[in-house]
Structure formats: structure tokens, C-alpha cells
Amino acid sequence: MAAAADNELAVITHRTVDANGLRMHVAEAGPPGAPPVLLLHGFPQVWYAWRHQMRALADAGYRAVAPDLRGYGDSDAPAAELQYTAMHVVGDLVALLDAVVGAGKPVFVVAHDWGALTAWNLCLFRPDRVRALVSLSVAFSPRSPARRPVDGLRALYGDDYYICRIQEPGAIEAEFARLGTELVLRKFLAYRTPGPLMMPKSGWGSPDDEVPLPSWITEEDIKYYASKFDKTGFTGGLNYYRALNKTWELTAPWTGAEIKVPVKFIVGDLDLTYHTPGIQDFIHKGGFKKYVPLLDDVVVMKGVGHFINEEKPKEVSEHVISFIRKLSAEM
């Protein structure tokens, strides 16, 4: 990586932790005894998605802890797709917190995309381990007892919708291999259409496609991400989607349950998640607050897409730190 990138990462340390039967890679920044903040990445990313927030949190006197989730980066990747349910991934986090922070100790959590889905489940299953949550892009989605999530998405968007296309093991991996790792990452990270992402069976473009990078990500950043996905492949990250229906089955006891921790929610108005049918009414007209009674604030950032913590690192860091400081003063 370039020297500038090396300097940016100078305060970040790395180690491997045994957690829930896995070896998990963890990046950390900030004083060891400072209040811990757990940072959970999404797809297709690794701990590196939080590089800007880690430095900001450390400079503000907090200890940032950013793991590669199971199946990603330098953490172990179990082979079976049903080893990626919410139960498995939340189990990883509880064990990781016990090892890194101390048994039973709660932390602040900041999460994006699949990390946010996992964080909502952490709040449901183990609210005793969460002091507060900042969720980026993905609002809480109460479990519907009427229909499995993938079935609902297929009915809404059809078979070419990306989550539906991912369900067949090996098929989307072959498509990604045809395109090449760097191009796949470019296509995801540059996606700014405020609507559903489609991956036609006829092909998600050509290996010769040119996808310009947005200003907030560099060629060095793409190469770092690509080096991790070239090493582990995409299957681990894709298995989270393949385990969606199994998670739905396992979480039946939490139907109707509320999130009982303080929450701040931040989303870009160009984020595809913010244009799911009905989501804006849910967020702004009382549904979100009903299920998340301690919802403190909803921030909609204008002109911002899905990868909000990388696109607007300074603003997101400021939102996170101000929320943590506010709650710390109240506790």
C-alpha cells in the first residue's frame, strides 16, 4: 500500500482471538483501558471499512475494536452455509467481547450493513452487552411471522434480485470469478442507485467493464479489499444471505420483541436500503420508534449512498462520538 495509507494505519494494531470455536482477526486502536467501541462491518468489506472511525475514536479517547466477522478477511470461515445464522454470529461477538473487553462487560456498538443486522440481533439476544448502538444504513426490521425473508424478497423483486441470486451455492461465486475480484468490489462500492440491486442470470456485466471509483475510495483501498477476498473468496460473506431463512426460523421466540438499548440511526438518502418499499414511513412515522423505544435520533444524510462510513468519514465519526459522549454523561 502507499505510504500515506501506511501512515493512516500506524495507530491500528492487529491480533487473533479465539472466540466461539473460531480464530477471529481483530483490529484495535486507542488506549487499552478506554471505553470500548465495537465496530461491525458489512458486505463486501472487512475491518478496514472502519479505518477512519478507528482513528477518530482513538483520538477522542475511546478504544476501537473492529473484527473481521466470521467468513471474512483473516477470520476463520466455516464451510457450511447454515453456520452463518444470527445465532452463530452473535455467539462469536459475545465470545469476542469476553476475550477482548472482559466477561459480562457492555460496550458501545457501531455497525453498518450486515454488521448492523448482526448488531440488532445482539441487542435482541444480549442487551446486557450493549450500552448503546449506532446503526448505519440498516434500520431494525421486526420479524414477520407470515413469510420467510427470502421468499418475501423474491415475491417483491423477482429472481434477479441480488439476495435471491445469491441463494444458489456456487452460482454467484462463479459469476464473481468471471468478472474478477477488483471489478466486483468496484461494482458494489460505486453503486449509488436508490433502488434494488439486480444481478441478471445473463450476467452482471462484462470483465471489461470500467467502473470509476468514487472520490472517497482509492485504488489502494480497493487493492487492500481485493487482497482479502482473493485470499478467502466471497462465499463466507454470501453465506450470511443464504442463512437468512434459517435465522428467521431460529428467531421465532423474538417475534414482536423490542430493542431495549439507546439507538442512533444514520442513513444516506441515496442508500438502496432507504428505498425499500415502506421503509421511509416505518422510520419516520412511528413504526421504528415503536420497536426501538429508546431511539434517540434519526439522521438522513443528503446525497450520500450506502457505504456511508467511508463516503462521509468525518461526519459519521462526529455523529458517533457525540452520541457516545452524550450517553456517557447521562449514565
Side-chain angles (χ1 to χ4, degrees), residues 26 28-31 33-42 47 49-50 52-67 69 86 89-90 92-94 96-98 100-142 254 257-267 273 282-284 287-301 308-309 312-331:
V26 183
E28 296 171 281
V37 181
L38 179 67
L39 301 157
L40 304 177
H41 69 82
W47 74 269
W50 299 109
H52 306 297
Q53 286 74 35
M54 292 182 77
R55 285 183 59 87
L57 285 162
D59 290 344
Y62 297 97
R63 178 187 177 195
V65 178
L69 298 177
V89 186
V90 171
D92 296 345
L93 296 181
V94 172
L96 178 70
L97 291 176
D98 286 347
V100 173
V101 177
K105 293 183 179 179
V107 298
F108 294 103
V109 180
V110 184
H112 173 253
D113 188 76
W114 260 106
L117 283 170
T118 300
W120 289 118
N121 283 316
L122 176 63
C123 294
L124 273 181
F125 304 161
R126 293 298 304 272
D128 58 305
R129 303 308 300 270
V130 182
R131 294 182 68 180
L133 169 65
V134 179
S135 179
L136 308 180
S137 296
V138 178
F140 178 66
S141 180
W254 286 272
E258 297 177 354
I259 298 293
K260 295 295 184 67
V261 306
V263 171
K264 184 171 190 170
F265 178 66
I266 308 172
V267 67
T273 67
F282 176 78
I283 290 171
H284 299 293
F288 197 11
K289 183 73 171 178
K290 174 185 174 183
Y291 284 98
V292 187
L294 298 181
L295 181 64
D296 183 84
D297 194 14
V298 171
V299 178
V300 180
M301 299 180 72
I308 190 168
N309 47 318
K312 293 293 181 181
K314 183 174 183 291
E315 294 88 340
V316 168
S317 296
E318 288 172 352
H319 278 300
V320 168
I321 291 167
S322 66
F323 184 57
I324 291 174
R325 283 178 170 163
K326 172 186 173 182
L327 291 177
S328 298
E330 296 174 353
M331 289 177 176

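Keep in mind that what you see is a predicted model, and the values were worked out from it rather than measured.
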**OP:** Please examine the side chains of V300 and H284, heavy atoms only from C-beta on, and report whether any two atoms are closer than 4.5 Å.
**Re:** yes
Subject >> Side chain proximity check, V101 to P106, heavy atoms < 4.5 angstrom >> reply: no
**OP:** Answer whether the closest heavy-atom distance between the side chains of I308 and M301 falls below 4.5 Å.
**Re:** yes
Original post:
Ignoring hydrogens and geometry, is there a side-chain-to-backbone donor-acceptor pair from K289 to L295 under 3.5 Å?
Top reply: yes
Original post:
Under 3.5 Å, side chain of R129 to main-chain N/O of K105, donor-acceptor pair present?
Top reply: yes
**OP:** To the nearest 0.5 angstrom, please state how far the CG atom of L133 sits from the CZ atom of F265.
**Re:** 10.0 Å
Original post:
Between H319 and V299, is any pair of side-chain heavy atoms under 4.5 Å apart?
Top reply: yes
Subject >> Contact summary for H41 and L69, nearest pair of heavy atoms >> reply: NE2-N, 3.0 Å
Original post:
Tell me, do V298 and V267 make a side-chain contact under 4.5 Å, heavy atoms counted?
Top reply: no
Subject >> Contact summary for A139 and F288, nearest pair of heavy atoms >> reply: CB-CZ, 3.9 Å
**OP:** Quick one: do V261 and V109 satisfy side-chain contact (heavy atoms from CB on, under 4.5 Å)? Show the steps, please.
**Re:** CA-CA 11 Å; V261 306; V109 180; over 6 Å; no
Subject >> Spatial distance of atom OG (S137) from atom CH2 (W114) [nearest 0.5 Å] >> reply: 14.0 Å
Original post:
Of all heavy-atom pairs between A58 and P31, which one has the smallest distance, and what is that distance?
Top reply: O-CD, 4.5 Å
Subject >> With sequence neighbours excluded, residues passing ring pair (Phe, Tyr, Trp, His ring centres under 6.0 Å) with F323 >> reply: none
**OP:** Evaluate the ring planes of F140 and Y291, with Trp represented by its six-membered ring, and classify them as parallel (under 30°), tilted (30 to 60°) or perpendicular (over 60°).
**Re:** tilted
**OP:** Heavy atoms only: give me the nearest I259-P293 pair and the separation to one decimal.
**Re:** O-CD, 3.3 Å
Original post:
Looking only at heavy atoms, which two atoms of S135 and W120 are closest? And how far apart?
Top reply: OG-NE1, 3.4 Å
**OP:** Mind running side-chain contact (heavy atoms from CB on, under 4.5 Å) on L39 and L57 for me, showing each step along the way?
**Re:** CA-CA 11 Å; L39 301 157; L57 285 162; 4.1 Å; yes
Original post:
Atom CG in D113, atom CG in L136: separation rounded to 0.5 Å?
Top reply: 10.0 Å
**OP:** Could you tell me the separation between the OG atom of S328 and the CZ atom of F108, rounded to the nearest 0.5 Å?
**Re:** 3.5 Å
Subject >> salt bridge (Lys or Arg N to Asp or Glu O under 4.0 Å) partners of residues 316-331, not counting sequence neighbours, each pair once >> reply: D296-K326, K314-E318
**OP:** Return yes if some donor-acceptor pair links the side-chain N/O of T273 with the main-chain N/O of V138 below 3.5 Å, else return no.
**Re:** no
**OP:** Report yes if some heavy atom in the side chain of N309 is under 4.5 Å from a heavy atom in the side chain of Q53; otherwise report no.
**Re:** yes
**OP:** To the nearest 0.5 Å, tell me how far K290 NZ sits from E258 CD.
**Re:** 8.5 Å
Subject >> Minimum heavy-atom distance A66-W50, with the two atoms named >> reply: CB-CD1, 4.3 Å
**OP:** Indicate the ring-plane relationship of F125 and W254, choosing parallel, tilted or perpendicular according to the 30° and 60° boundaries.
**Re:** tilted
